[in-house]
Novice: 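The structure that follows is given in the form of structure tokens.
Protein chains get the first letters and strands the later ones, always in sequence-line order, with residue 1 at the start of each.
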Amino acid sequence: MALREMGLMEINWSKGCRAKLPLSRVRFTHHLDHPMVLWQVTNTSRALVDQFTRKSKSLYTFLILCCRVGNFRVEPPALFRGRGEHPKMGKLKKRIWPSDITINIGKGAPIPECPIPGQRWKEIRHDNTVTWLAFWNDPINPKEFKYVFLAASSSLKGQSDKEKYEKARLLKDYIQGIRAAYTKDFASKDVTKRQIAVATYLIDKLALRAGNEKDDDEADTVGCCTLKVENVEPLPPNILKFDFLGKDSIRYQNEVEVEPPVFKAIQQFRTGKSGGDDLFDELDTSKLNAHLKELMPGLTAKVFRTYNASITLDEMLSRETKGGDVAEKVVVYQHANKEGILNGLKTDLARSKKGKPPLKGADGKPRKNLNPDALERKIVQTTAKVEKMERDKETKEDLKTVALGTSKINYLDPRITVAWCKRHEVPIEKIFNKSLLAKFTWAMDIDPSFRF
DNA sequence: CCCCCGGACTCAGAAAAATAGAT
DNA sequence: TATCTATTTTTCTGAGTCCGGGG
């Protein structure tokens, strides 16, 4: 085994996919009842590999799943920053030791060697109902956990990703009824019903997040259910002016025209309250989601974001794509992608006013021995560059505010893109980079006629 | 029934690293 | 070609969502 000599091993798995993996980064486990090869795990003993490979030759050669591990390093000590005005900012995040870490492996699987001599793992578990490989308590908030999961490219993650989009597609069959129902309830006599209706409307139309309650030791941010009176100002006749800090303390500012009954309902929810009071005092996320589940199996608030982003992309692509060469079609795609987000996920576009990154090389200190002429040319060039930057700044700022990457990764059903590429003979590599390609393997064999 | 909270997972932007492009 | 710069990709880990179980 030459590869073994080199410290590598080659693994064949289901579709003939092969990977040469450095032995030092391979670990074997029985996880979720599947024998698996995990890679990018450090410090595996040679003996362990030998033991497993002997076993696998007879039993498991064709059953082994080969998965990349997502995060395989513990978080190093640091000063905690957090996002926005975080109450715990500046707190020391202490070092994590093996004795802090609980490991999840198959029953009977060899226990991974503890990398620090004389120490041991906190606990070994054999739980095949969860996907995590290991966890430790977050030193900043000991009530919370940090997990080691498989990478996004794993079949396990792919499967749940697919399920997420299938659920969003199911919403397609219900959305008309749901919209009709909440529109009717804008004027319901029952306050709770009215609040549920308006909240659902905001989540659907503005892609607001559900908005769980937060503790006092977290940054003070809100979502739909936790909106405060001061966050939504009614401007007659029917404009709502939103201004609040959402996820990651990103400021959401938006003025939207709404249906008169919604406007009226908001005004009424505000009456008799002060600025810091809850706008939806009868609501929280569990009540809202419980209601949504009555309308469609498995429906929760976040499904609306996936649904609206994906359906918009699908519609725009089919509407906007005409003839042209590959490059033109790619432009159509990028445009559809961007517009889709502008329409659907406006939420994250309004950014907090952060300081711009400082201009590099602004000190202008020459590092080389330049003669005066060269120096002057340099100065002229630099000045021109600065001017160009000034001119481009606005355009760039515009593009930067579009969370393109995020939505491509999290909200747009990849099958829409793959099918469109097939229909229009655009190589998928023009749209998805290497990691997106790996993450969306499950979507690659979709029929060209697929529509979301 | 409701509420609280532990638990496990998705989603998110900043920073770092890699790569492409300009000079 | 070498080097510097701009852009893209990857990593990192914080911040949400949502579920389910117990009181």
Novice: List the residues meeting ring pair (Phe, Tyr, Trp, His ring centres under 6.0 Å) with A/F452, not counting sequence neighbours, and say none if there are none.
Specialist: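 Partners of A/F452 under the ring pair (Phe, Tyr, Trp, His ring centres under 6.0 Å) test: none.
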
Novice: So, using ring pair (Phe, Tyr, Trp, His ring centres under 6.0 Å) as the criterion, who are the partners of A/F80 when residues are at least two apart?
Specialist: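 Per chain and number, A/F80 pairs via ring pair (Phe, Tyr, Trp, His ring centres under 6.0 Å) with A/H86.
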
Novice: Using a strict 4.0 Å threshold on nitrogen-to-oxygen distance, state whether A/K94 and A/D100 make a salt bridge.
Specialist: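 Looking at A/D100 together with A/K94, the answer is yes, because their closest N to O distance falls below 4.0 Å.
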
Novice: Between A/G223 and A/K434, which has a closest nucleotide on DNA chain C that is more 5'?
Specialist: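 It is A/K434 whose nearest nucleotide is closer to the 5' end.
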
Novice: Are OP1 or OP2 of B/dC9 and a side-chain N or O of A/S160 less than 4.0 angstrom apart?
Specialist: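 Answer no for this pair, as no side-chain N or O of A/S160 is under 4.0 Å from OP1 or OP2.
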
Novice: All N/O contacts under 3.5 Å from nucleotides 12-15 of chain C to the protein, with atom names and distances to one decimal?
Specialist:
unit_1: C/dT13; atom_1: O3'; unit_2: A/K146; atom_2: NZ; d: 3.4
unit_1: C/dG14; atom_1: OP1; unit_2: A/K93; atom_2: NZ; d: 2.9
unit_1: C/dG14; atom_1: OP2; unit_2: A/K146; atom_2: NZ; d: 2.5
unit_1: C/dA15; atom_1: OP1; unit_2: A/R83; atom_2: N; d: 2.6
unit_1: C/dA15; atom_1: O4'; unit_2: A/D248; atom_2: OD1; d: 3.4

Novice: Which residues satisfy the ring pair (Phe, Tyr, Trp, His ring centres under 6.0 Å) test with A/Y307, sequence neighbours excluded?
Specialist: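 Counting only residues at least two positions away or on another chain, A/Y307 forms no ring pair (Phe, Tyr, Trp, His ring centres under 6.0 Å).
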
Novice: Determine: side-chain N/O of A/K164 to OP1/OP2 of B/dT10, distance under 4.0 Å, yes or no.
Specialist: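 Answer no for this pair, as no side-chain N or O of A/K164 is under 4.0 Å from OP1 or OP2.
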
Novice: Given C/dT17, is OP1 or OP2 found less than 4.0 Å from the side-chain N or O atoms of A/N212?
Specialist: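 For C/dT17, OP1 or OP2 has a side-chain N or O of A/N212 closer than 4.0 Å.
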
Novice: For the side-chain hydrogen bond (donor to acceptor under 3.5 Å, both in side chains) test, which of A/K247, A/R251, A/K214 pairs with A/T221?
Specialist: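 That would be A/K214.
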
Novice: Does A/R83 come within less than 4.0 Å of A/D248, counting only side-chain N to carboxylate O?
Specialist: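 A salt bridge is present here (some side-chain N lies under 4.0 Å from a carboxylate O).
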
Novice: For A/G211, report the nucleic acid contact type (base, sugar-phosphate, nothing); a contact means any heavy atom under 4.0 Å.
Specialist: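 Since only primed, P, OP1 and OP2 atoms lie under 4.0 Å of A/G211, the category is sugar-phosphate.
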
Novice: Taking only Lys NZ, Arg NE, NH1 and NH2, and the carboxylate oxygens of Asp or Glu, determine whether A/D314 and A/K172 approach each other closer than 4.0 Å.
Specialist: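 Here A/D314 does not pair with A/K172 in a salt bridge, since their nearest N and O are not under 4.0 Å apart.
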
Novice: Can you find a side-chain donor-acceptor pair between A/S188 and A/D190 that sits under 3.5 Å?
Specialist: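 Side chains of A/S188 and A/D190: no pair found under 3.5 Å.
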
Novice: Roughly how far, to the nearest 0.5 Å, is CG of A/L240 from CG of A/N231?
Specialist: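 So the gap between those two atoms works out to 12.0 Å.
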
Novice: Where the side chain of A/A210 is concerned, which of B/dA12, C/dT17, B/dC9 is the nearest nucleotide?
Specialist: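 Among the listed nucleotides, the one closest to the side chain of A/A210 is C/dT17.
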
Novice: Closer than 4.0 angstrom, basic N to acidic O: yes or no for A/D413 and A/R169?
Specialist: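 Here A/D413 does not pair with A/R169 in a salt bridge, since their nearest N and O are not under 4.0 Å apart.
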
Novice: Any idea which of C/dT9, B/dT10, B/dA12 is nearest the A/R209 side chain?
Specialist: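 Nearest to the side-chain atoms of A/R209, counting from C-beta on, is B/dA12.
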
Novice: So which protein nitrogen or oxygen atoms get under 3.5 Å of nucleotides 19-23 of chain C's nitrogens or oxygens?
Specialist:
unit_1: C/dC19; atom_1: OP1; unit_2: A/K293; atom_2: NZ; d: 2.6
unit_1: C/dC19; atom_1: OP2; unit_2: A/K293; atom_2: NZ; d: 3.4

Novice: Quick check on the helix from B/dC2-C/dG23 to B/dT23-C/dA2: what's the angle between its two end axes, five base pairs per end, to the nearest 10°?
Specialist: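 Here the local axes at opposite ends form an angle of 10°.
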
Novice: From the list B/dC9, C/dC18, C/dT9, which nucleotide is the closest neighbour of the side chain of A/T131?
Specialist: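 Shortest atom-to-atom distance from the side chain points to B/dC9.
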
Novice: OP1 or OP2 of C/dT17 versus the side-chain N and O atoms of A/T285: is any pair under 4.0 Å?
Specialist: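 For C/dT17, neither OP1 nor OP2 has a side-chain N or O of A/T285 closer than 4.0 Å.
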
Novice: Does A/R95 have more than 12 heavy atoms from other residues, nucleotides or ligands lying within 6.0 Å of its CZ?
Specialist: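 No, the 6.0 Å shell around CZ holds no more than 12 heavy atoms from other groups.
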
